[in-house]
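When a residue number appears, it is its place in the shown sequence, counting from 1. First listed ligand is number 1; within each ligand, the first listed atom is number 1.
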Amino acid sequence: MKVIKVKNSEEAGLRASIIISNRIQNNPSLVLGLATGSTPLPTYEHLIANNRKGLISFANVTTFNLDEYRGLNGQHPQSYRFFMNENLFKKIDIKLDRTFIPDGLNPSEAANYDNLIAEAGGIDLQLLGLGLNGHIGFNEPGTSFESLTHIVGLTDSTIEANARFFESKEDVPTQAISMGLKSIMNAKEIILVATGANKALAVSQLVKGTLSEE
Ligand code: F6R
């Protein structure tokens, strides 16, 4: 693991975008794993700018997102499909049929998501954020290292953290579909971006703590 310390979220986004852009330049058919949330937004802005400048093309890139709320369709403003379309996909030259996100309305397809990834050749580079309690995707602390894409019950702390995006806490879905830790660790390379003082404990335990499912 290589730790890169930067000044702020803007610089973190720039550094992550440089790595991703470089991988796309070396492999225009890259299979890219993506995340939602506030952390990757600066990265996406730089990728959009690089695409517009003609430095990188997503025309042959395939993407797989980590997760989706169960029960929300892609038109729901809080669905991760909607987030990705608005914040990245609509603004770059990617083919929408090469962008995969677990289907919140068809949770039975979760079991097939890892097959789809494998059929695409596996994820070359996975971008990750980090939850306040160390969660990755919707995998809360304690999730098995062997987990593949699965249905997850959201913990109270995650529901509370995400309530800011919904009208009320009651509107936050109580379940999600998430790539598991094994699905994520199968990626050939991973960039985890964590910014903000409220992530300090999670980051220090990630970097200095003992390896565990916590
Ligand atoms: C979202 C995801 C989540 C977020 C995490 C941090 O696809 O995988 O694990 O990365 O909740 O969220 P932000 O970036 O909003 O702090």
Side-chain angles (χ1 to χ4, degrees), residues 6 8-17 20 32-47 63-72 74 76-89 99-104 107 110 113-114 117 123 125-143 147-166 169 172-187 190-206 213-214:
V6 295
N8 51 35
S9 56
E10 172 52 31
E11 195 185 336
L14 177 64
R15 294 291 292 267
S17 74
I20 297 169
L32 187 57
L34 296 173
T36 60
S38 46
T39 307
L41 288 174
T43 305
Y44 294 159
E45 279 164 23
H46 286 291
L47 291 176
T63 64
F64 285 91
N65 263 79
L66 285 167
D67 45 11
E68 178 61 282
Y69 285 115
R70 182 172 182 181
L72 300 192
H76 190 290
Q78 297 309 331
S79 73
Y80 287 175
R81 162 55 75 182
F82 188 88
F83 176 101
M84 290 309 302
N85 285 349
E86 295 302 312
N87 290 296
L88 185 65
F89 299 151
T99 66
F100 295 88
I101 301 184
D103 185 345
Y113 200 64
D114 292 274
I117 295 172
I123 292 176
L125 175 60
Q126 174 70 53
L127 179 64
L128 297 178
L130 186 67
L132 297 183
N133 64 356
H135 71 234
I136 288 178
F138 269 113
N139 299 292
E140 300 292 356
T143 305
S147 52
L148 295 171
T149 305
H150 62 300
I151 297 169
V152 187
L154 270 54
T155 61
D156 273 352
S157 78
T158 297
I159 291 177
E160 240 155 67
N162 292 0
R164 65 191 196 274
F165 301 114
F166 291 81
K169 192 178 151 188
V172 184
T174 54
Q175 289 190 322
I177 300 153
S178 179
M179 282 169 58
L181 293 179
K182 188 164 190 176
S183 325
I184 293 166
M185 291 303 287
N186 278 340
I190 295 175
I191 307 175
L192 184 150
V193 182
T195 53
N198 57 0
K199 304 268 175 84
L201 182 63
V203 170
S204 91
Q205 289 184 355
L206 178 80
E213 289 168 349
E214 292 304 305

For T63 and F89, run side-chain contact (heavy atoms from CB on, under 4.5 Å): C-alpha distance rounded to whole Å, both residues' side-chain angles, the deciding distance at 0.1 Å, then the answer. CA-CA 10 Å; T63 64; F89 299 151; 3.6 Å; yes
Backbone of F166 reached by a side-chain donor or acceptor of Q78 within 3.5 Å: no
So does Y80 get a backbone contact from the side chain of E68, meaning a donor-acceptor N/O pair under 3.5 Å? yes
Just how far is it from atom OG of S147 to atom CG of N139, taken to the nearest 0.5 Å? 5.0 Å
Sub-6.0 Å ring centroid separation between Y113 and F100: no
Once the angle between the rings of Y69 and F138 is folded into 0 to 90°, is it parallel (under 30°), tilted (30 to 60°) or perpendicular (over 60°)? tilted
Pairs under 3.5 angstrom, nitrogen or oxygen on both sides, ligand 1 versus protein: list them out, please.
{"unit_1": "ligand 1", "atom_1": "7 (O)", "unit_2": "T36", "atom_2": "N", "d": "2.9"}
{"unit_1": "ligand 1", "atom_1": "7 (O)", "unit_2": "T36", "atom_2": "OG1", "d": "2.9"}
{"unit_1": "ligand 1", "atom_1": "7 (O)", "unit_2": "D67", "atom_2": "OD1", "d": "2.8"}
{"unit_1": "ligand 1", "atom_1": "7 (O)", "unit_2": "D67", "atom_2": "OD2", "d": "3.4"}
{"unit_1": "ligand 1", "atom_1": "8 (O)", "unit_2": "D67", "atom_2": "OD2", "d": "3.2"}
{"unit_1": "ligand 1", "atom_1": "8 (O)", "unit_2": "G137", "atom_2": "N", "d": "3.4"}
{"unit_1": "ligand 1", "atom_1": "9 (O)", "unit_2": "G137", "atom_2": "N", "d": "3.2"}
{"unit_1": "ligand 1", "atom_1": "9 (O)", "unit_2": "G137", "atom_2": "O", "d": "2.7"}
{"unit_1": "ligand 1", "atom_1": "11 (O)", "unit_2": "H135", "atom_2": "NE2", "d": "2.7"}
{"unit_1": "ligand 1", "atom_1": "14 (O)", "unit_2": "S38", "atom_2": "N", "d": "3.3"}
{"unit_1": "ligand 1", "atom_1": "14 (O)", "unit_2": "T39", "atom_2": "N", "d": "2.9"}
{"unit_1": "ligand 1", "atom_1": "14 (O)", "unit_2": "T39", "atom_2": "OG1", "d": "2.4"}
{"unit_1": "ligand 1", "atom_1": "15 (O)", "unit_2": "S38", "atom_2": "N", "d": "2.9"}
{"unit_1": "ligand 1", "atom_1": "15 (O)", "unit_2": "S38", "atom_2": "OG", "d": "2.9"}
{"unit_1": "ligand 1", "atom_1": "16 (O)", "unit_2": "K199", "atom_2": "NZ", "d": "2.8"}

